There are 2 protein chains.
Amino acid sequence: MSHIPVGIRQTQKRKTRQALLDAALELLEGQSLSSLGLREVTRAVGIAPTAFYRHFRSTADLGVALVEEALGSLHEMIGTTLAATGDSDERIARTVDLIAVHVGTHAAHVRFIARERHGGVQPVRAAIGEQLDRFAEEVAVELAAHPESKGWSEDDMVMLARLYVDHMVMTASAFLDAEPGNEERVASLARRQMRLVSLGRRHWLD
Amino acid sequence: MSHIPVGIRQTQKRKTRQALLDAALELLEGQSLSSLGLREVTRAVGIAPTAFYRHFRSTADLGVALVEEALGSLHEMIGTTLAATGDSDERIARTVDLIAVHVGTHAAHVRFIARERHGGVQPVRAAIGEQLDRFAEEVAVELAAHPESKGWSEDDMVMLARLYVDHMVMTASAFLDAEPGNEERVASLARRQMRLVSLGRRHWLD
DNA sequence: CAGTTGTGTCAACAAGCGTTCACCGAAACT
DNA sequence: AGTTTCGGTGAACGCTTGTTGACACAACTG
């Protein structure tokens with residue numbers, strides 16, 4: 001009947017691999033990737049250190065895999081964010097709320113991206129940079145579809161998209177650092193900053 | 001005659017301490033603070049590992065000292081930046097140039113701040129956050145002096161200041177990551193983003 | 001000049017690291 | 001059924017790590 005199993009072996013491998021990723025992500029809440037030890041991760045999972053090599057070449061390699069996982073979960077968000085209806089202020093409020101929710105449900109992922117974006121491991125930095133570029137591209141395409149973008153050059157479109165993306169990352173990281181109870185202050189700040197950018201956008205061609 | 005020396009001892013200590021800071025800063029170009037070893041630093045300076053404790057309690061402590069050094073050198077810049085004359089576009093261009101120059105002359109400091117701002121060492125993160133807050137405060141005060149800020153609430157003033165400060169850090173880090181020859185692209189992007197923010201600022205009270 | 005202070009040294013420690021190799025046993029293939 | 005494939009094991013390697021205590025010797029203090 002159920003002929004989807006793809007083999008018990010591959011399933012088990014995926015499970016162990018995921019356990020390694022999960023354990024690493026948790027360990028990374030208190031340190032940077034460049035100080036994360038291979039033995040540390042395997043110990044947390046409960047397997048022998050040597051088994052690590054069956055899944056990743058090094059901790060840097062594991063880091064790159066984490067980038068995919070973390071920013072993959074963000075790609076979904078972008079669609080819903082920009083598809084939000086209503087006037088400008090409403091859309092801004094909804095976007096900020098979405099960021100807050102995402103930080104709540106994927107805190108470790110967000111922390112990892114913010115931390116390693118400028119972190120000490122080159123391949124991981126490169127992977128994050130690449131993903132954020134693609135991210136900005138998507139945003140630019142969505143923005144171009146809006147009627148307010150009439151007359152904008154493609155270069156300026158990307159300029160604005162980058163500003164939005166960087167501001168999103170900034171805001172997400174601010175939510176992370178906010179002590180419980182101060183989230184609304186962060187949200188208010190982020191909303192007003194986005195509103196200011198929106199105003200600039202409206203008068204760009206004056 | 002020259003009775004300024006404050007003692008040869010204190011002078012020597014300062015020199016060794018500075019050597020430790022310099023060596024650490026250089027080592028940190030290729031890794032994060034949380035993976036920086038005490039022995040690694042002393043080895044680079046050429047002193048015994050135990051001598052480290054005469055100057056710092058731990059590498060985290062050294063990191064905090066580096067924050068003071070790195071952001072101290074930035075405090076000078078803020079004055080000259082905002083005191084820049086000319087119209088808006090001219091001031092923006094001058095600001096971006098100043099950032100580019102600063103990144104050129106203090107690359108390691110900028111890298112350190114960008115990397116450890118969200119890094120894995122809590123006390124250092126806190127120190128950077130505190131300094132950037134004070135930084136934003138200063139910018140807010142300067143902005144309030146401008147005539148364009150008539151009618152702005154203090155809260156909104158800080159909101160704008162934070163946007164500027166975060167954008168400066170973002171731009172500085174972008175200059176760092178730019179491969180040689182692409183600096184002008186980064187500068188152009190930064191200028192247009194600042195121009196857009198300025199536009200928003202002008203229409204904030206509409 | 002005698003006594004104190006303090007930066008730096010040396011040796012030693014237990015513990016951790018990444019990486020290697022040969023090996024096991026169950027799953028997958030033919 | 002016989003063979004190959006492969007995720008996981010366990011021991012061992014050479015090296016690095018943070019921290020300790022006792023000691024040297026130049027710089028300060030009175």
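In this text the structure is predicted, and so the values were computed from the model without any measurement. Chain letters run A, B, ... following the sequence lines, proteins first, then strands; residues in each count from 1.
Between Gly37(A) and Gln12(B), the one whose closest nucleotide on DNA chain C sits nearer the 5' end is Gln12(B). Comparing Arg54(B) and Pro49(A) by the nucleotide of DNA chain D whose heavy atom lies nearest to each, the residue mapping closer to the 5' end is Pro49(A).
Distance CD1 (Ile8(B)) to C1' (dT7(C)): 13 Å, rounded to an integer number of Å. When the C1' atom of dG18(D) is taken as reference, atom CG of Leu62(B) falls 15 Å away, rounded to whole Å. Residue Leu36(A) contributes atom CG, which lies 14 Å from atom C1' of dG16(C) at whole-angstrom precision. When rounded to the nearest whole Å, the span between CZ of Phe52(B) and P of dG6(C) equals 20 Å. Rounded to whole angstrom, the span from the CG atom of Leu38(B) across to the C1' atom of dC17(C) amounts to 17 Å. In this structure, NE2 of His55(B) is placed 17 Å from C1' of dG18(D), rounded to the nearest angstrom. What separates CD of Gln31(B) from P of dC17(C) is a distance of 16 Å, to the nearest Å. In this structure, NZ of Lys13(B) is placed 14 Å from C1' of dC28(D), rounded to the nearest angstrom.
Under 4.0 Å is where a charged nitrogen must lie from a carboxylate oxygen, and between Arg17(B) and Glu69(B) no such pair does. Between Glu130(B) and Arg134(B), none of the side-chain N atoms (NZ, or NE/NH1/NH2) sits under 4.0 Å from a carboxylate O, so this pair counts as no salt bridge. In this structure, Arg191(A) does not pair ionically with Asp89(A), as no charged nitrogen and carboxylate oxygen lie closer than 4.0 Å. Between Glu26(B) and Arg111(B) there is no salt bridge, since no side-chain nitrogen of the basic residue lies less than 4.0 Å from a carboxylate oxygen of the acidic one.
Scanning for side-chain hydrogen bond (donor to acceptor under 3.5 Å, both in side chains) contacts around Arg125(A) gives an empty result, with sequence neighbours left out.
Minimum interatomic distance between Phe52(B) and Leu62(B) (heavy atoms only, all atoms of both residues): CE1-CD1, 3.8 Å. Scanning both residues, Val45(B) and Ala19(B), for their nearest heavy atoms gives CG2-O, 3.5 Å.
Taking only distance into account, the side chain of Arg39(A) never meets the base of dG16(C) through a donor-acceptor pair shorter than 3.5 Å. One donor-acceptor pair, N or O on each side, does fall under 3.5 Å between the base of dC10(C) and the side chain of Thr50(B). Contact annotation: side chain of Ser58(A) to base of dG18(C), donor-acceptor pair absent below 3.5 Å.
For the OP1/OP2 pair of dG18(C) and a distance below 4.0 Å, the side-chain nitrogens and oxygens of Arg57(A) include no atom meeting the criterion. Within the 4.0 Å cut-off from OP1 or OP2 of dT17(D), at least one side-chain nitrogen or oxygen of Arg43(B) is found. Contact check, Thr16(B) against dG8(C): a side-chain N or O comes under 4.0 Å of OP1 or OP2.
Side chain of Tyr53(A), nearest nucleotide from dA27(D), dT20(C), dT19(D): dT20(C). The side chain of Arg9(A) lies closest to dT5(D) when the candidates are dG7(D), dT5(D), dT19(D). Comparing dT9(D), dT19(C), dG18(D) against the side chain of Ile47(A) picks out dT9(D) as the nearest.
As judged by a 4.0 angstrom heavy-atom cut-off over every strand, Arg17(B) is placed among residues making no nucleic acid contact.
When base pairs are accepted only as Watson-Crick or G-U wobble with both N-N or N-O distances under 3.5 Å, DNA chain C takes part in stems of 3 or more pairs at C:1-30 with D:1-30.
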Inset, instruction - Any chance you could lay out the side-chain hydrogen bond (donor to acceptor under 3.5 Å, both in side chains) test for Arg117(B) and Ser173(A), step after step, and finish with the verdict? - result: CA-CA 10 Å; Arg117(B) 182 180 186 187; Ser173(A) 147; over 6 Å; no
